[in-house]
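Below, all heavy atoms of this structure are taken into account, side chains as well, without hydrogens, waters or symmetry copies.
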Amino acid sequence: MAQTNNAPITASSMISTRRATRVLLAGGIAAGPLFLGAGLIQGFAREGFDFTRNAISQLSLGGLGWIQVTSFLLTGVLAIAGAIGIWQSLRDVPGGVWASRLVGVFGASFLLAGVFTADAGAGFPAGTPERSGASMSAHGAVHMLSGMVGFLALCAASFVLARLFAAQRQRGWAIACRLVPVGVLVGFASSSVAVLAFTAGAGLGLLWLTAVSARLLAAAPTAQQ
């Protein structure tokens, strides 16, 4: 009788886990488009903001800064959810746990960046001098450091997943996972020359998380399987 009662419980638990994994991966898919979409809308709508001079992070400043702060926090939560979904999808695959941990660090960096805002400068918020102050504030330094650590963790996760995809003979995904970190790092390295390069590098990293989460979601078993 005990064995008969355990079977439905086990099946129900498996179905619940599969559903949870798919929901969590959907969070990873949504993180990048949410952040980039919110940044683009605000960037075109807010007075004084110029994508060629200002980083999206600066939208956290001013009277409407709470919108971008909320975007940072929601993106962080969604990225962490995606990291858990990656863990559930790849925990039995060599390197899968490390990939999920690194993506989790990336998500946590957005939470920190939402709490510690970037410094004003380059004419934003409206009325701010074109040149920023000589020294960076404490909250600005934490914001920059959290972003740097977060995106480095994301790049590391991409290299880990490249090995995983290569082992599964998914050559296209393996190559993409090796190229994306290069693009992100080149964008960041070029930020001193063009702010848009930094924005493009960050956007590439965020969209990579979307693509990988979508790939794992497509491969994840459904409740009926």
Side-chain angles (χ1 to χ4, degrees), residues 27-28 30-40 42-43 49 51 53-62 64-84 86-87 98-122 124-125 128 132-161 180-192 194-210 212-213:
L34 169 69
F35 187 83
L36 295 174
L40 285 172
Q42 292 180 84
F49 190 89
F51 283 104
R53 297 183 302 159
N54 304 113
I56 288 178
S57 294
Q58 290 181 297
L59 290 167
S60 296
L61 306 172
L64 295 176
W66 63 271
I67 299 175
Q68 185 60 26
V69 170
T70 301
S71 176
F72 267 112
L73 298 178
L74 285 178
T75 301
V77 170
L78 290 171
I80 291 173
I84 298 172
I86 292 172
W87 173 75
W98 270 110
S100 66
R101 288 172 179 171
L102 290 165
V103 173
V105 171
F106 175 70
S109 75
F110 270 72
L111 298 180
L112 198 60
V115 175
F116 296 91
T117 58
D119 287 331
F124 190 83
T128 300
S132 57
S135 60
M136 185 178 295
S137 69
H139 62 82
V142 173
H143 180 92
M144 180 173 289
L145 180 62
S146 65
M148 180 180 69
V149 171
F151 276 96
L152 285 176
L154 188 68
C155 289
S158 188
F159 283 123
V160 171
L161 288 170
V180 165
V182 175
V184 172
L185 295 175
V186 168
F188 283 20
S190 304
S191 61
S192 60
V195 175
L196 276 175
F198 175 86
T199 303
L204 178 62
L206 285 161
L207 293 177
W208 172 88
L209 177 59
T210 293
V212 169
S213 298

N54 and V195: CA distance, side-chain angles, deciding distance, side chain to side chain contact (heavy atoms under 4.5 Å, CB included) verdict
CA-CA 7 Å; N54 304 113; V195 175; 5.8 Å; no
Residues 101-110 vs side chain to side chain donor-acceptor pair (under 3.5 Å), sequence neighbours excluded, gives none
Name all pairs fulfilling the side chain to side chain donor-acceptor pair (under 3.5 Å) condition that reach into residues 194-203, sequence neighbours left out, sorted by first residue then second.
none
At their closest point, which heavy atom of [X] faces which heavy atom of [Y], and how far apart are they?
X: G28; Y: L209; value: O-CG, 3.8 Å
X: G62; Y: P125; value: N-CG, 4.0 Å
X: T210; Y: P33; value: OG1-CD, 3.2 Å
X: G121; Y: T128; value: N-CG2, 3.7 Å
X: S60; Y: T117; value: CB-CG2, 3.9 Å
X: V180; Y: S158; value: CB-OG, 4.3 Å

Under 3.5 Å, which donor-acceptor pairs link side chains of residues 67-84 to any protein atom two or more places apart or in another chain?
residue : atom : partner : partner atom : Å
Q68     : OE1  : Q42     : NE2          : 2.7
T70     : OG1  : W66     : O            : 2.8
T75     : OG1  : S71     : O            : 2.7

Pairing residues for S57 by the side-chain hydrogen bond (donor to acceptor under 3.5 Å, both in side chains) criterion, not counting sequence neighbours
H143
By side-chain hydrogen bond (donor to acceptor under 3.5 Å, both in side chains) - contacts of S137 (at least two apart):
D119, H139
So do [Y] and [X] actually touch side chain to side chain, heavy atoms under 4.5 Å?
X: P181; Y: F159; result: yes
X: V105; Y: L154; result: no
X: I56; Y: F35; result: yes
X: L206; Y: F106; result: yes

Let's go through L36 and L207 carefully: what are the C-alpha distance in whole Å and the side-chain angles of both, what is the deciding distance for side chain to side chain contact (heavy atoms under 4.5 Å, CB included) to 0.1 Å, and is it a yes or a no?
CA-CA 9 Å; L36 295 174; L207 293 177; 3.9 Å; yes
F198: partners by ring-ring contact (aromatic ring centres under 6.0 Å, His included), with sequence neighbours left out
F188
Out of curiosity, F124 CZ to L59 CG, how far, rounded to the nearest 0.5 Å?
5.0 Å
